[in-house]
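Structure first, commentary second.
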Amino acid sequence: MRVSELLIPTLREVPAEAEVVSHQLLLRAGFIRKVAAGVYTYLPLAQRVLLKLVAIIREEMNKEGGQEIMMPIVQPAELWLRSGRWDVYGPELLRLNDRHDRAFCLSPTHEEMVTALVAAEVRSYKQLPLLLYQIQNKYRDERRPRFGLLRGREFIMKDLYSFHRDEKGLDITYRAMYDAYTRIFTRMGLGFRAVEADTGAIGGNASHEFMVLADSGEAVVVYCPNGSCGYAANEEKADSLFTPETGGVEGRLELVATPGMRTVGEVTRFLGVGAKQLIKTLLYQTERGLVAALIRGDREVNEVKLQNHLGVLSLELAGAEAVEAATGAPPGFSGPVGLNVPAVVDREVAAIEAGVTGANKADAHYLNVCPGRDFPVEDVTDIRLAAAGDPCPRCGQPLETVRGIEVGQVFKLGEKYSRVMEAFYLDEQGTKHPMVMGTYGIGVSRSMAAAVEQNHDADGIIWPPSIAPFHAVVLPVNDQDAEQTAAARRVYGAITAAGLEAVLDDRPERPGVKFKDADLIGYPVRVTAGRHTTEGLVEVHCRETGENVLVGEGEAVAAVKRLIEK
RNA sequence: CGGGAUGUGGCGCAGCUUGGUGAGCGCGCGUGCCUUGGGAGCACGAGGUCGGGGGUUCAAAUCCCCCCAUCCCGACCA
């Protein structure tokens with residue numbers, strides 16, 4: 001294709017709204033344009049990349065027996081009322097009403113719809129397992145869309161849903177999907193890591209997330225640097241070895257004045273004690289009422305762990321009024337002594353001999369607080385957030401953390417949806433069972449942005465060849481030079497005839513403009529027809545390495561191939 | 001949802017404090033000349049409801065009120 005005929009509106013300046021590099025470069029290089037906050041149009045170059053990503057995904061899904069279907073994005077409320085998620089999903093579900101005032105939503109995911117379909121059409125164990133997938137737009141009314149394609153309100157997802165007669169069947173497909181995902185992201189040229197993920201309060205017993213490692217990622221991955229161990233989990237799921245430290249020496253409970261000292265930092269400085277001796281008391285509001293979480297002063301609560309432990313659907317820190325009503329003191333002075341709220345005690349707190357806590361009185365703390373003596377220790381568990389430096393739960397080496405962009409997740413759903421949507425099958429004996437389900441997602445549009453986050457330099461994008469919009473650009477330096485333009489056309493023709501995808505930059509622009517655009521757009525290979533065409537030579541340049549070789553016109557195709565296949 | 005900021009031609013911005021002069025600058029765009037190995041130069045030119053609505057005033061991009069949009073920060077670790 002000719003660049004003069006393509007819609008590639010590159011920008012010299014960075015649009016003010018773009019914060020992260022993938023957003024900036026995709027805008028500048030003419031891949032995307034914003035329509036509304038978190039909603040984008042994909043221009044021709046982006047569409048080509050998306051089609052490549054989709055082709056890779058489709059191939060690997062089909063290889064595992066997936067059958068592609070298409071489902072409505074607009075879905076009736078009844079479907080979501082049946083699963084209970086109409087109420088649970090909250091404001092992130094983009095809802096709308098039709099002219100008859102019937103309620104609908106734009107689907108953020110299709111478990112309900114696909115399970116209803118299978119419930120209606122599949123009856124027998126002979127029809128299982130069944131793997132259905134779709135690649136479509138999905139919607140999430142983010143409270144705050146940001147980072148361009150990384151956190152949009154409309155995004156493209158591949159979701160595969162698997163239906164099995166039992167856990168054993170699910171395990172096989174789960175493993176197959178895990179392997180397929182590994183192949184997919186490898187083929188996309190992404191540096192990624194599969195990590196253990198949390199399965200949430202309801203259902204499910206295994207999940208992995210596929211993280212593209214990038215500083216701009218919103219997710220934190222905790223991993224063990226010991227290669228032979230290989231432990232890796234997302235921050236919410238991550239465990240660490242329990243290494244109890246008995247802080248302090250048992251003594252008499254003592255009330256001290258701590259005027260205005262609310263935070264751990266303030267209290268430790270004021271009293272001259274270590275943060276490890278502080279017992280933070282956090283009050284959470286749940287649908288079953290207030291709950292206190294006790295955690296060491298130098299730790300943070302892992303709310304996912306806490307929520308799972310409690311088995312509640314909603315969990316959020318209580319407001320100042322609620323804290324005051326329950327403890328009699330403003331936030332900052334809460335403590336477990338005499339507190340009439342059920343408490344979850346972190347196992348590290350239980351090990352403290354004599355700690356410091358809020359006194360449930362404004363401007364006062366207790367010293368020498370003994371767990372068990374001064375307050376009941378009944379519900380002990382691990383509710384702390386793992387952090388860098390903690391010992392690995394498997395091998396004990398210090399853990400490290402890295403940021404990542406979640407591009408895929410595989411999840412064992414179990415029977416949660418099949419039960420509520422009544423997806424049952426009959427076994428050989430004619431007995432009815434709920435189907436066992438799995439769900440496996442890939443963020444397609446997000447993967448494109450993640451690829452840019454990971455593959456760029458000061459000049460622009462550096463597409464991995466497997467997902468580049470075109471493999472090569474052929475660039476005549478001087479568009480007035482008949483020899484150069486003729487050579488460029490010949491090489492372009494040879495490259496495309498060889499089955500590669502190329503563009504010919506035939507614009508009547510000065511060379512600098514064409515070079516800059518080529519770097520910005522990130523074609524993996526550039527073929528330059530310049531001064532050496534008089535000797536029958538063209539330059540073949542690798543965007544990634546900067547490698548530049550002069551070859552005879554006839555060898556240009558082979559040189560391009562070598563660079564994109566390496 | 002809370003806080004902050006911004007909204008002026010396609011993009012990036014100035015002008016607003018202290019109301020009144022032809023609404024300006026750079027880039028981009030069109031035409032012509034010229035130039036051709038890293039976003040050239042000259043000339044001419046097109047293009048703007050100053051986010052929207054209301055108000056104050058003889059007069060509003062500029063002051064006041066409301067709304068909308070966009071971006072950033074935060075969303076409470078006691």
Side-chain angles (χ1 to χ4, degrees), chain A residues 9-20 23-24 27-28 30 33-39 90-92 141-148 258 260-268 275 278-285 292-303 306 316-324 326-327 329-336 339 346 356-365 383-385 387 458-460 475-481 484-485 505 507-520 526 528-533 538-539 541 548:
Chain A
T10 55
L11 304 171
R12 291 195 181 197
E13 287 168 283
V14 183
E17 66 187 44
E19 188 68 11
V20 295
H23 192 197
Q24 291 176 356
L27 282 170
R28 274 194 66 206
R33 285 295 182 265
K34 187 178 71 179
V35 175
V39 180
E92 303 219 325
D141 198 358
E142 292 281 353
R143 54 198 154 173
R144 186 178 159 201
R146 55 181 143 176
F147 305 141
T258 50
M261 304 295 148
R262 298 164 172 277
T263 67
V264 170
E266 288 164 357
V267 173
T268 51
L278 251 71
I279 301 172
K280 277 197 295 199
T281 304
L282 303 175
L283 292 175
Y284 282 92
Q285 194 69 251
L294 304 190
I295 185 112
R296 234 165 63 181
D298 60 329
R299 306 300 197 191
E300 302 234 320
V301 169
N302 183 331
E303 294 186 354
L306 179 60
E316 56 184 86
L317 272 174
E321 324 74 52
V323 171
E324 198 136 9
T327 69
F333 302 99
S334 305
L339 185 64
D346 185 74
V356 176
T357 76
N360 297 329
K361 277 185 205 122
D363 302 326
H365 280 75
I383 55 168
R384 60 166 289 228
L385 202 61
D459 293 318
L475 189 159
V477 170
N478 182 344
D479 77 291
Q480 297 300 308
D481 184 314
Q484 293 182 13
T485 54
D505 196 345
R507 295 175 298 167
E509 292 285 355
R510 293 171 54 82
V513 173
K514 292 184 280 195
F515 284 129
K516 286 287 185 191
D517 272 351
D519 288 346
L520 179 61
R526 185 184 75 212
T528 307
R531 52 173 96 89
H532 301 289
T533 50
V538 294
E539 283 161 58
H541 174 263
N548 203 23

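Sequence lines set the chain letters: A, B, ... in the order given, protein chains first and strands last, and positions in each chain run from 1. When reading the values below, keep in mind they use all heavy atoms of this one structure, side chains included, and skip hydrogens, waters and symmetry mates.
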Task: Residue matched to C29(B) through Watson-Crick or wobble contacts both under 3.5 angstrom - done: G45(B)
- [ ] Would you mind telling me which of A40(B), C76(B), U70(B) lies closest to the side-chain atoms of A37(A)?
- [x] U70(B)
Open item on the list: Between A23(B) and G38(B), how far apart are the two C1' atoms, rounded to whole Å?
Closed with: 36 Å
Open item on the list: I need the CG-P distance between N478(A) and C34(B), as an integer number of Å.
Closed with: 14 Å
Open item on the list: For the C1' atoms, the ones on G24(B) and on U70(B), what distance do you get once it is rounded to whole angstrom?
Closed with: 24 Å
Open item on the list: I need the CZ-C1' distance between F515(A) and G37(B), as an integer number of Å.
Closed with: 5 Å
Open item on the list: Heavy atoms from C-beta onward define the side chain here; which of G37(B), U35(B), C71(B) lies closest to that of V477(A)?
Closed with: G37(B)
Task: Euclidean distance, atom CZ of residue R33(A) to atom P of U70(B) [Å, nearest integer] - done: 17 Å
TODO: Grab the CG-C1' distance between D479(A) and A40(B) for me, whole Å please.
DONE: 14 Å
TODO: Once you apply the 3.5 Å cut-off to both distances, tell me the Watson-Crick or G-U wobble partner of A5(B), or none.
DONE: U70(B)
- [ ] Describe the nucleic acid contact of A329(A) in one word from base, sugar-phosphate, nothing, applying a heavy-atom distance below 4.0 Å.
- [x] nothing
Task: From C71(B), G12(B), G74(B), nucleotide with atom closest to E13(A) side chain - done: G12(B)
- [ ] Count the heavy atoms belonging to other residues, nucleotides or ligands that lie under 6.0 Å from CD of E316(A), then report whether that count exceeds 12.
- [x] no
Open item on the list: Using a heavy-atom cut-off of 4.0 Å across all strands, would you classify E303(A) as base, sugar-phosphate, or nothing?
Closed with: base
Task: Watson-Crick or G-U counterpart of G37(B), or none if no pair lies under 3.5 Å - done: none
- [ ] For the side chain of R12(A), starting at C-beta, report the closest nucleotide among A40(B), G37(B), C72(B).
- [x] A40(B)
Open item on the list: Taking any heavy-atom pair under 4.0 Å as a contact, classify G530(A): base, sugar-phosphate, or nothing.
Closed with: base
TODO: Could you please name the option among G37(B), U70(B), A75(B) that lies closest to any side-chain atom of E539(A)?
DONE: G37(B)
Task: Earlier contact from the 5' end, RNA chain B, for F147(A) and N302(A) - done: F147(A)
Task: Pairwise P distance, G52(B) and A61(B) [rounded to whole Å] - done: 11 Å
Open item on the list: Checking base pairs now: Watson-Crick or wobble, both atom distances under 3.5 Å. What partners A14(B)?
Closed with: none
Task: Between C64(B) and C1(B) - C1' atom distance, rounded Å - done: 28 Å
Open item on the list: Need one value for T281(A): base, sugar-phosphate or nothing, where a base atom within 4.0 Å counts as base even if backbone is also close, heavy atoms only.
Closed with: base
- [ ] Look at the side chain of V301(A) and decide which nucleotide, out of C73(B), G39(B), C77(B), has an atom nearest to it.
- [x] C77(B)
Open item on the list: Under 4.0 Å, counting only non-hydrogen atoms across every strand here, what does V323(A) touch: a base, just sugar-phosphate, or nothing?
Closed with: base
Open item on the list: Work out how far the C1' atom of G53(B) is from that of U49(B), and round it to whole angstrom.
Closed with: 13 Å
Open item on the list: Treating Q484(A) as the side-chain partner and N478(A) as the backbone partner, does any N or O pair qualify as donor plus acceptor under 3.5 Å?
Closed with: yes
Open item on the list: The side chain of A16(A) is closest to which nucleotide in this list: G12(B), A75(B), G38(B)?
Closed with: G12(B)
TODO: Report which part of the nucleic acid L520(A) touches: base, sugar-phosphate, or nothing (heavy-atom distance under 4.0 Å, all strands).
DONE: base
Open item on the list: Whether R507(A) and D517(A) form a salt bridge (side-chain N of Lys/Arg under 4.0 Å from carboxylate O of Asp/Glu) is what I want to check.
Closed with: yes
Open item on the list: Given G37(B), U70(B), U36(B), identify the nucleotide with an atom nearest to the side chain of Q480(A).
Closed with: U36(B)
Open item on the list: Over all strands shown, is D481(A) touching base, sugar-phosphate only, or nothing at heavy-atom distances under 4.0 angstrom?
Closed with: nothing
Open item on the list: Once hydrogens and angles are ignored, does a donor-acceptor distance under 3.5 Å link the base of G37(B) to the side chain of R526(A)?
Closed with: no
TODO: Report the distance from atom CD of E324(A) to atom P of C76(B), rounded to the nearest whole Å.
DONE: 19 Å
Open item on the list: Check whether D363(A) reaches the backbone of G260(A) with its side chain - one donor and one acceptor, N or O, closer than 3.5 Å.
Closed with: yes
Task: Check: T258(A) side chain, A364(A) main-chain N or O, donor-acceptor pair, under 3.5 Å - done: yes
Open item on the list: Please give the distance between the C1' atoms of A14(B) and C50(B) as a whole number of Å.
Closed with: 13 Å
Open item on the list: In this structure, how many angstroms lie between the C1' atom of A5(B) and the CD atom of E19(A), rounded?
Closed with: 13 Å
- [ ] Determine yes or no for a side-chain-to-main-chain donor-acceptor pair under 3.5 angstrom, with K280(A) supplying the side chain and R299(A) the backbone.
- [x] yes
Task: Separation of the C1' atoms in G48(B) and G12(B), to the nearest angstrom - done: 16 Å
Task: Pair V20(A)-R146(A), side chain to side chain contact (heavy atoms under 4.5 Å, CB included): steps then yes or no - done: CA-CA 9 Å; V20(A) 295; R146(A) 55 181 143 176; over 6 Å; no
- [ ] Indicate yes or no for a side-chain donor-acceptor contact from R33(A) to the backbone of P9(A) under 3.5 Å, with no hydrogens or angles considered.
- [x] yes
Open item on the list: Of the options G74(B), U36(B), U70(B), whose atoms approach the side-chain atoms of R144(A) most closely?
Closed with: G74(B)
TODO: Take atom CD of E316(A) and atom P of C1(B), then tell me their distance rounded to the nearest Å.
DONE: 15 Å
- [ ] Would you mind classifying the nucleic acid contact of K514(A) as base, sugar-phosphate or nothing, using non-hydrogen atoms under 4.0 angstrom?
- [x] nothing
Open item on the list: Counting only side-chain heavy atoms from C-beta out, which of G12(B), U70(B), A40(B) sits nearest to V513(A)?
Closed with: A40(B)
Open item on the list: For a quick check of understanding: with a heavy-atom distance under 4.0 Å over all strands, which category does P15(A) fall into, base, sugar-phosphate or nothing?
Closed with: sugar-phosphate
- [ ] Pick base, sugar-phosphate or nothing for E17(A), based on heavy-atom distances below 4.0 Å to the nucleic acid.
- [x] sugar-phosphate
Open item on the list: Using the P atom as the point on both nucleotides, what is the distance between G54(B) and A59(B), in whole Å?
Closed with: 15 Å
Open item on the list: Test of understanding: with ring-ring contact (aromatic ring centres under 6.0 Å, His included), list the residues that count as partners of H23(A), not counting sequence neighbours.
Closed with: Y40(A)
Task: Separation of G12(B) C1' from L27(A) CG (nearest whole Å) - done: 14 Å
Open item on the list: Classify L283(A) by what it touches in the nucleic acid, base, sugar-phosphate, or nothing, heavy-atom distance under 4.0 Å.
Closed with: base
- [ ] Describe the nucleic acid contact of R28(A) in one word from base, sugar-phosphate, nothing, applying a heavy-atom distance below 4.0 Å.
- [x] base
